[in-house]
There are 2 protein chains.
Amino acid sequence: MIQQENPQVIARTSLHRELVDRLQLLIIGGELAPGIKVPERDLCAQFGVSRTPLREALKVLASDGLVRLEPNRGAWVTTVTVSEVNEVFPVLGALDAISGELACEHITDAEIDEIRALHSQMIESYERRDLDSYFSINQKIHHAILLAARNDTLTTSCQALSLRMQRARYLANMTEGRWYDAVQEHEKILTFVAERNGKKLAKTLRDHMESKRVSVVRWLQNQDAASEE
Amino acid sequence: MIQQENPQVIARTSLHRELVDRLQLLIIGGELAPGIKVPERDLCAQFGVSRTPLREALKVLASDGLVRLEPNRGAWVTTVTVSEVNEVFPVLGALDAISGELACEHITDAEIDEIRALHSQMIESYERRDLDSYFSINQKIHHAILLAARNDTLTTSCQALSLRMQRARYLANMTEGRWYDAVQEHEKILTFVAERNGKKLAKTLRDHMESKRVSVVRWLQNQDAASEE
DNA sequence: TGACTTAATTATGAATTCAAAATTACGTTG
DNA sequence: CAACGTAATTTTGAATTCATAATTAAGTCA
């Protein structure tokens, strides 16, 4: 038998592209914590690659705002600041709104059913107070709407900005009250998707994002206050 | 005296960053025409750099959609397709709309005056039928509105998408009728900016972008038809 | 002892090198 | 002479090397 330790790896993609994906996961997963210096040497060892492709990946991540490059000093994982949140969420809101409008123009009955199913699962997660599951399904719903919008550019733009907001589980700041409200908002989202009511869906998605902004900012400020002790 | 043949080059920024900017200019200026293979070796010679920083820059440009990388085959300057235009313009429209809303919240009287002045200059360019000048001032107006929105994330997102639409002077498809309409739209834009009427400005900017989309698509299809002969 | 200088070490940025893939050129065969 | 297969060349992707900047450590002097 021919030696082939990872059969799935046809190595169809280049190293730097693979590294971009892996590093993104490390960053949004928190393994590469916000604020720390990117341990270039360690990562090279960990992935078994040389510095060249790793550094190429860092350049791409920097242009996406996930790391910050300082000339002759290296790369740092960016932190999520209040002002950044106040910038990004309104933009995401506008993009979500247009995605809702476009989705209503193109979505199929099957896709609506799928979103309905996801919604039910999400409600179950909510009732179990299973935050991880809730977030995961929540993302799937938003992604399903994006897919229905039939606009790859929009999808890419949204995901790039979402990534920046996902660093280090910042979204995990759900008070009981906020969580309840979010679920109510999602009920409206489902309704308007099912009705293919583009305008109302757009407005609901944008309001939803604004609520999220407020809630994330509040949490961040609590964090800041706590860390000052 | 110390030898210093290019005094302007303080080289404060890294090579790859500089190269990203230079290559962007070459691409949107048409010197690197859509569809051609990126002449890596030539560009290295032209800029007097090695392949490493140039290739880093290409990775960044690829993530911005200005070039397309094919594993083991190299990089190509992307072409503007009808479907891409149909994707990007609606997204740009949504971003422009939100930028109008935010601008009305933050813009100062001085900034309004500046936009008014730019608008007058643009009208003069229109009356002289000076397309280059018209486009240049047009861009400045949109940029001024973006600046007034006080949202760097929004600015970055808009500019990235705008760049993709600027390849090879595609915007230079102004019929007499379309040009007239565009100027009328800009009159409304100025009015609503001056009134700080966010909602109406948002709608006007979005409609403006939609008109642009239609016009660009029409022109692209004429191009395609012409090239098939 | 503490602040400042200077030397040693480390990390970064970019050029160079090298192996592998793709392309081109060439020769062979039907 | 056309199509296929093989060899030579070129190009790419990535590792390595090297010069320089930044950081740390050591030493000196008040």
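Naming: A, B, ... by sequence-line order, numbering from 1 per chain.
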Would you indicate whether the side-chain heavy atoms of B:V91 and A:I98 approach each other to under 4.5 Å? no
With the side chain of B:S14 defined as its heavy atoms from C-beta on, choose the nearest nucleotide among C:dT12, C:dA14, D:dA15. C:dA14
Select from B:T52 and B:A75 the residue whose nearest nucleotide in DNA chain D is closer to the 5' end of that strand. B:A75
Does A:E40 reach a base, just sugar-phosphate, or nothing at all? Heavy atoms under 4.0 Å. sugar-phosphate
Gap between atoms CG and P, on A:L54 and C:dA14 respectively (whole Å): 16 Å
Give the nucleotide from the list C:dA15, C:dA11, C:dA22 with an atom nearest to the side chain of B:R73. C:dA22
Using the side-chain contact (heavy atoms from CB on, under 4.5 Å) rule, pick out the option among B:P90, B:C158, B:S162 that qualifies with B:L95. B:C158
Here the distance between atom C1' of D:dT11 and atom CG of B:L43, to the nearest Å, is 15 Å
B:E56 and B:K59: CA distance, side-chain angles, deciding distance, salt bridge (charged side-chain N to carboxylate O under 4.0 Å, His left out) verdict: CA-CA 5 Å; B:E56 288 172 345; B:K59 262 76 179 178; over 6 Å; no
Calculate the interatomic distance between B:D42 atom CG and D:dT11 atom C1'; express it in whole Å. 13 Å
Looking only at heavy atoms, which two atoms of B:H16 and B:P53 are closest? And how far apart? CB-O, 3.8 Å
Do the side chains of A:R164 and A:E87 get close enough for a salt bridge, i.e. N-O under 4.0 angstrom? no
Could you please name the option among C:dA14, D:dT12, D:dA15 that lies closest to any side-chain atom of B:R51? D:dT12
In whole angstroms, the gap separating P of D:dA15 from CD of B:E56 amounts to 14 Å
Between atom CZ in A:F47 and atom P in D:dA14, what is the gap in whole Å? 14 Å
Check the distance between D:dT11's P and B:W76's CH2 and give it to me in whole angstrom. 12 Å
Among D:dT11, C:dA15, D:dA15, the nucleotide that comes nearest once only the side chain of B:K37 is considered: D:dT11
Between C1' of C:dT16 and CZ of B:R55, the distance in whole Å: 14 Å
Gap between atoms NE2 and P, on A:H16 and D:dA14 respectively (whole Å): 9 Å
Checking D:dA21, D:dT17, D:dT12 against the side chain of A:N72 (C-beta onward), the nearest is D:dA21
From D:dG13, C:dA15, D:dT11, nucleotide with atom closest to B:R41 side chain: D:dT11
